[in-house]
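Each remark here refers to the structure printed beneath this line.
Values reported hereafter were calculated over all heavy atoms of this structure, with side chains retained and with hydrogens, waters and symmetry mates removed. Naming: A, B, ... by sequence-line order, numbering from 1 per chain.
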Amino acid sequence: MPELPEVETVKRSLASVLDGQTIERIERRDVSPAKAPDGQFYGSPADIEQFVVGASITGFRRRAKVLIIDLSSDYSLIIHLKMSGQLVVVEPDGKRVGGGHPTKSLVQELPDKTSRTIFYFESGQRLFYNDQRKFGWIKLVPTPEVEHNKLITKLGPEPFDDDFTAEYLAERLSRRTIAIKTALLDQKMIGGIGNIYADEALNLAGIDPTRESKSLTTAEIEKLVATIPAVMNRSIELGGTSFSDYVDGLGQFGKYFDEARVYGRANEPCLECGGPISKIMLGGRGTHYCKNCQH
DNA sequence: CGCTCGGCCTGTGCGC
DNA sequence: TGCGCACAGGCCGAGC
């Protein structure tokens, strides 16, 4: 589910209510399958007891699609929501802090069967880490080690970084034969792009997603370097993309989907030419584009 | 080294 | 109405 704009939205919403709050207790649930750690939380019970319980939250950070919660114990929680992860704050009375939405996924009381870990705060509020498909994870690491952690160091520059330039991207694409769409999803090349925004940015740039990476012209690469942060910024403004059950930390839906140009719009008319949006499989991912407008 | 594909999980929606 | 298959926001590792 969450790509950079969704994780950024979750980060901001959680920070607005949980910054400075003290964790009173942790509950790790749903221990199946046996090989996954309790609650998908990688950390020994002793370490969690010592460095998480009783600690307060000193800040929230994001790197690409990874959320980092810093604690007063000088330890940090590194969290990846992968496809179906949610972090949702609930009031003592069980209501979402932001009120949430009256939809199927939110009518249900928490915890539900997807709730893997619950953080109880002294305020009485609770933070639910829900993950239907169980691909996501939480890891406990010393704060000084976060930036040296392999999960973080392997990530390429983010779309908003100063070092995300046309020169950088041209160099990285210059000898690659993989489709440009596949290249954009490579987190080592650029950190934070996922399936939705790869399709959207390529549409805005007028580039066919199946093109060989090394075939892109300088002008096309310059367009991409502009459209990628543009589409991400617009999505952050709208609170990310929800097309089924993504919600932010307050249970709010993102509205970018209403503005999506190609993603999820197979067979619908292209906003530019009116022709049908195509959907193909590329590198195992559903890929949406306009054959008239993207070359 | 580069590339493609299957696997990890659970659920939903579609075609038959 | 029921059944089985394809696909879903991500990423890793095996195998060529």
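In this structure, the nucleotide among C:dC11, C:dG9, B:dT10 sitting nearest to the side chain of A:K134 is B:dT10. Nearest nucleotide to the A:M281 side chain, out of C:dA8, B:dG11, C:dC11: C:dA8. Side-chain atoms of A:Y263 lie closest to C:dG9 of the nucleotides B:dG11, C:dG9, B:dT10. Residue A:K154 has its side chain nearest to C:dC12 when only B:dG11, C:dC12, C:dG9 are considered. In this structure, the nucleotide among C:dC7, B:dT10, C:dG9 sitting nearest to the side chain of A:Q132 is B:dT10.
Residue pairs meeting the side-chain hydrogen bond (donor to acceptor under 3.5 Å, both in side chains) criterion with at least one member in residues 146-157 of chain A, sequence neighbours excluded, do not occur.
Here the CG atom belonging to A:D248 is positioned 8.0 Å from the CG atom belonging to A:L14, to the nearest 0.5 angstrom.
Using a 4.0 Å cut-off between charged nitrogen and carboxylate oxygen, A:D70 and A:R61 count as a salt-bridge pair. By the 4.0 Å N-to-carboxylate-O rule, A:E27 lies too far from A:R126 to be salt-bridged with it.
Atom-to-atom, CD of A:E3 to P of C:dC11 comes out at 9 Å; the value is rounded to the nearest Å. Here the P atom of nucleotide C:dG10 and the CG atom of A:L151 are 16 Å apart, to the nearest Å. Separating the CD atom of A:E212 from the P atom of B:dG2 is a distance of 15 Å, rounded to the nearest angstrom. Atom CZ of A:R133 is separated from atom P of B:dT12 by 12 Å (rounded to the nearest Å). If you measure from atom CG of A:L155 to atom P of C:dG10, you get 14 Å, rounded to the nearest angstrom.
Comparing the P positions of B:dG7 and C:dC5 gives a spacing of 15 Å, expressed to the nearest Å. Here, B:dC5 and C:dA6 have their P atoms 16 Å apart, quoted to the whole Å. A gap of 22 Å separates the C1' atoms of B:dT12 and C:dC11, to the nearest Å. Taking atom P in both B:dC9 and C:dG4, one finds a spacing of 23 Å when rounded to whole Å.
Residue-level contact check: A:G136 touches neither bases nor backbone, having no heavy atom under 4.0 Å from any strand.
Not counting sequence neighbours, the partners of A:S174 by the side chain to side chain contact (heavy atoms under 4.5 Å, CB included) test are A:E171. In this structure, the side chain to side chain contact (heavy atoms under 4.5 Å, CB included) partners of A:S44, at least two apart in sequence or on a different chain, are A:A46, A:D47.
For A:H80 and C:dG10, the shortest distance from a side-chain N or O to OP1 or OP2 is not below 4.0 Å. The phosphate of C:dC11 (OP1 or OP2) has no side-chain N or O of A:K150 nearer than 4.0 angstrom. At B:dC8, none of the side-chain N or O atoms of A:K82 fall inside 4.0 Å of OP1 or OP2 (strictly under the cut-off).
Where pairing requires Watson-Crick or G-U contacts shorter than 3.5 Å, the helical stems of DNA chain C with at least three consecutive pairs are B:2-8 with C:10-16, B:10-16 with C:2-8.
Within a 6.0 Å radius of CD in A:E237, more than 12 heavy atoms belonging to other residues, nucleotides or ligands are found. Counted within 6.0 Å of NZ on A:K223, heavy atoms from surrounding residues, nucleotides or ligands total 12 or fewer; the atom is thus considered open.
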Steps toward side-chain hydrogen bond (donor to acceptor under 3.5 Å, both in side chains) verdict (A:S72, A:T58)
CA-CA 6 Å; A:S72 58; A:T58 58; over 6 Å; no
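For the segment residues 197-209 of chain A, the set of residues with a heavy atom within less than 4.0 Å of an atom of DNA chain B is empty. Non-hydrogen atoms lying under 4.0 Å from DNA chain C are contributed by A:Q187, A:G194, A:N195, all within residues 175-195 of chain A.
Taking the 5.5 Å centre cut-off and the 30° plane limit, the aromatic side chain of A:F135 is not classed as stacked on C:dC11.
A donor and an acceptor atom, one from each side chain of A:Y289 and A:T210, are nowhere located under 3.5 Å apart. There is a side-chain donor-acceptor pair under 3.5 Å between A:Y197 and A:E6.
Put simply, the residue from A:T117, A:L81, A:V247, A:L110 that forms a side chain to side chain contact (heavy atoms under 4.5 Å, CB included) with A:N130 is A:L110. Only one option out of A:L184, A:L155, A:L173, A:T182 pairs with A:M189 in a side chain to side chain contact (heavy atoms under 4.5 Å, CB included); it is A:L173.
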